[in-house]
> 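Below are the structure tokens for one structure; questions will follow.
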2 protein chains.
Amino acid sequence: MTQNPTRIALVMNEVRTKIAARSYLPGSRLPSVRAQARALGVSVSTVVEGYERLVAENAILSRPGAGFFVSGPVAPLDLAQIGPRLDRDIDPLWMSRQSLETDESILKPGCGWLPPSWMFEQGIRRAMWALARGSTTGLTDYATPPGHAGLRQLLARRMRLAGVEADTSRVLLTESGTQAVDLICRFLLEPGDTVLVDDPCYFNFHALLKAHRVNVVGIPYTANGPDLQAFELALLQHAPRLYLTNSGIHNPTGATLSPVTAHRLLRMAETANLTIVEDDIFADFEVSPAPRLAAFDGLSRVILIGSFSKTVSASIRCGFIAARADWVESLTDLKIATSFGGGRLASELLLLTLTDSGYRRHRESVRQRLAQAMAQTVERLQPLGIVPWLMPQAGMFLWCQLPAGADATTVSRRCLQEGVVLAPGNTFSQRQAAGDFMRFNVSQCTDKRIFEVLAKALR
Amino acid sequence: MTQNPTRIALVMNEVRTKIAARSYLPGSRLPSVRAQARALGVSVSTVVEGYERLVAENAILSRPGAGFFVSGPVAPLDLAQIGPRLDRDIDPLWMSRQSLETDESILKPGCGWLPPSWMFEQGIRRAMWALARGSTTGLTDYATPPGHAGLRQLLARRMRLAGVEADTSRVLLTESGTQAVDLICRFLLEPGDTVLVDDPCYFNFHALLKAHRVNVVGIPYTANGPDLQAFELALLQHAPRLYLTNSGIHNPTGATLSPVTAHRLLRMAETANLTIVEDDIFADFEVSPAPRLAAFDGLSRVILIGSFSKTVSASIRCGFIAARADWVESLTDLKIATSFGGGRLASELLLLTLTDSGYRRHRESVRQRLAQAMAQTVERLQPLGIVPWLMPQAGMFLWCQLPAGADATTVSRRCLQEGVVLAPGNTFSQRQAAGDFMRFNVSQCTDKRIFEVLAKALR
């Protein structure tokens, strides 16, 4: 019996499409010949022929007696392939990679951290010296499961000062702030769950959530916090599992949550049984502390996370989670399973640095420098027609609208050719609604060349 | 219409059971009333009544217009609840936690690392001093996406010396050896995939794979490597995606892969399109290097991982992955998404320590001390009727059979009360087939009290 080539092609396309979309996963068994024939409304022999041709192409494998399988390592989890395919210039991962490359000649107003010369260098050096003379255990041994007790105590104390009822048993150290969010996602999320994020939000949240294969819904961010009407609607429409946000100084907008918004948000979260992760990474930049969801909530459905990468050192990796004590227990198990003991050296160094008598003064001077750089950057952007969305109370970020007609991605691409890495708005926007916005890190904007390159790119 | 109480109970039990088993996930929508009624063969009103009672119990939520949902954060991913529930004394996570607790008075022949006094303390102190005087960038900045170029070069060179064709583009630094395996699992595995491990194997592999919700199949380990017949059978029966093993000195058995087994294993892996992860963490303990699967394979389907936690410092966290260049690219994306920049300080310290002129001599002296401790431990175990399964060529582990009738879990429980943490065999065994085995870390067996406590526990 001759076979219909169109139908064979139909079978082959069906399988290829499903492999590409990861509906058929690498290594998984294909539907049986009979089931596939039924599903596609073709004959069994057509499916056999289609499968055999795919075997010849190495797209699938035949295991006699066991069936047909999707070939092994041809399509592993490639973050670039999940979700909507973005222009590489506004892909969050591309953004991270550009910022992390260390070519000293590149200017990086788009990156998310302070220049090395702004960091608490002397304090870190002192901590290194002290530790180099200290106990061998600190230099060679694993950390305890929840992490360094002294650092956890210090963090709990700091949280209590900020109104968050925390004690040491509710604090877990992690390898980084990103790992903190990652562990919580592993703990609470299943692939296919829905997570709310601010729109715009920290761009790496997008990449991280992609890795967890969840649905992400962006809630427009206002000057006082998330848009509550949109938030309420999203709760009804999507029954989300988690809301991931920045507390204190919002990234990228520099906005601050108002107490009224915080209160109403928490009430909605209670009704919908929603868990909230509040990333407190910029706490040390604040001049007058904004309300924390974790303080209102008492660490019940709110999980507070943070790290020291922005204010002490990004080279010494350490983050933390503050949450319900029973969750901390389970998160500790997950941490051990997926990264074993934490970095003891890093936590010893951080404890020494944070308790250094010069740290408070250093923090104060960074705040002042940031305020000056903020004013200067606004002034330099103004002649270019680049206008801040709001004037942040503190912090390093300025979220700006470009002059009418300018596209942030195009401008960023042009500037990159001149050695200036920018952060185009849509990198931060789930809804891709920030095409004419750009985030500037004012601490990285001291070089006048940035504004010359920008002016040229805008023309 | 009055309702049948038995049928209402049936509905409620069905839902409760599925929530407990995580078939219904927290936050997920329950089957519609109609669908549930059909599935259970009861009336719609029976399901409504059952659901309403579950709402009253707070087990589920009703969202008008949207349906019924499993209550939120009541059953997040609790590793202790996944898979067969083990006696807490032989639970791998319990084992890790016991070993990681730092009560100096506790003796830990069951733990998996060297005592601090055996580590390269002077080298680490020198590295700390050098770095404390060095560039600010090293102290405060993020690492580049793939990690410190100098350390990656050094690792590639070391691999080439061991016959593994690696270059810098094929090496990625991670936060730890455990994170290296974790990233690969995220990259290659889907929940429900099958992974082969050695039986016995490093106990944290079990906890890690649990976190990825995969099926784990244990392959009996022989003195020359995995049992090839069992391996071949498992390939046919389970179509596994990955085989996770230790190269060099096997943990916990101390066995060494033979070239013949390595070659046959790789041929099978090629036929079945199986990826292999080879954990090379004990490389520096080897006296005469065993064959590496990665060397035979040319880093095509074999991924080599390792860290420095056993030989340099567990406090300075850093691991590595060597793999196909395209996989390294995707793994770098995943690393950034889930832990952002790596620990620059840790890699700078390790590079300085590994290139310290004293490191080679230190490594040599550790090997000699291990050989002496090995002989001494065997001698001290012998009067207790505890017999090594084989005499390892090198390393710190001795895998021993207890005298007839003794149960390793019971003995471990008794010894723990006397302040001695042991590593009972079933912690390492997927099939729970090592109930009369125990792993001893000879470097942690220098205190005679261990053997007195053991003798008492065995009586």
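Remember, it's a predicted structure, so these values are computed and weren't measured experimentally. To find a chain, count down the sequence lines: A is the first, B the second, and so on, and within it residues start at 1.
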> Side-chain contact test, heavy atoms from C-beta onward, threshold under 4.5 Å: evaluate it for B:Thr140 versus A:Pro116 and give yes or no.
yes
> Please classify the contact of B:Glu329 with chain A as side chain, backbone, both or neither, using a heavy-atom distance under 4.5 Å.
both
> Give the member of A:Leu183, A:Leu331, A:Leu242, A:Thr332 that has the highest number of heavy-atom pairs under 4.5 Å with chain B.
A:Thr332
> Find the distance between NZ (B:Lys335) and OG1 (A:Thr178) and round it off to the nearest 0.5 Å.
11.5 Å
> Could you tell me which portion of B:Leu209 (side chain, backbone, both or neither) has an atom closer than 4.5 angstrom to a non-hydrogen atom of chain A?
neither
> Using non-hydrogen atoms only, which part of B:Ser135 is less than 4.5 Å away from chain A: side chain, backbone, both, or neither?
backbone
> Do A:Ser313 side-chain atoms and B:Leu139 backbone N/O form a donor-acceptor pair below 3.5 Å?
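Checked: pair present.
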> With a 4.5 angstrom heavy-atom cut-off, which part of B:His206 approaches chain A: side chain, backbone, both or neither?
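B:His206 has no heavy atom closer than 4.5 Å to chain A.
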> For side-chain contact (heavy atoms from CB on, under 4.5 Å), just list the numbers for A:Ser315 and B:Tyr142, CA-CA rounded to whole Å, side-chain angles, deciding distance to a tenth of an Å, and then say yes or no.
CA-CA 5 Å; A:Ser315 180; B:Tyr142 287 99; over 6 Å; no
> Should B:Asp141 and A:Trp113 count as side-chain neighbours, where that means a heavy-atom distance under 4.5 Å?
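The answer is yes; the side chains approach within 4.5 Å.
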> Given that the side chain runs from C-beta out, which part of B:Lys310 has a heavy atom under 4.5 Å from chain A: side chain, backbone, both or neither?
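It is the side chain, since no backbone atom gets that close.
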> Does the distance from a Lys or Arg side-chain N to an Asp or Glu carboxylate O, for B:Asp182 and A:Arg186, drop under 4.0 Å?
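Salt bridge: yes.
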> With rounding to the nearest 0.5 Å, note down the distance linking CE in B:Met128 to CZ in A:Arg133.
10.0 Å
> Would the distance check show the side chain of B:Arg29 and the main-chain N or O of A:Ala239 forming a donor-acceptor pair, the cut-off being under 3.5 Å?
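Side chain of B:Arg29 to backbone of A:Ala239: no pair is present.
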> Could you state the interatomic distance from CZ (A:Arg344) to CD1 (B:Ile316), rounded to the nearest 0.5 Å?
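Taking CZ in A:Arg344 and CD1 in B:Ile316, the distance rounds to 12.0 Å.
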> Taking atom CD as the centre, does B:Glu232 end up with more than 12 heavy-atom neighbours from other residues, nucleotides or ligands that are less than 6.0 angstrom away?
no
> Can you tell me which portion of B:Phe340 sits under 4.5 Å from chain A's heavy atoms? Options are side chain, backbone, both or neither.
both
> Pick whichever of B:Leu131, B:Asp326, B:Asn204 has the most heavy-atom pairs under 4.5 Å with chain A.
B:Asn204
> With a 4.5 angstrom heavy-atom cut-off, which part of B:Thr136 approaches chain A: side chain, backbone, both or neither?
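It is both, since atoms from each part get that close.
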> Heavy-atom distance under 4.5 Å between the side chains of A:Leu345 and B:Ile124, does that happen here?
no
> Between A:Trp118, A:Tyr202, A:Phe120, A:Phe205, which has the largest tally of heavy atom pairs under 4.5 Å with chain B?
A:Tyr202
> Looking at A:Gly134, A:Gly177, A:Pro146, A:Ala127, which one has more heavy-atom pairs under 4.5 Å with chain B than the rest?
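Most heavy-atom pairs under 4.5 Å with chain B: A:Gly134.
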> Measure the spacing between CG of A:Leu208 and CD1 of B:Ile336 and express it to the nearest 0.5 Å.
12.5 Å
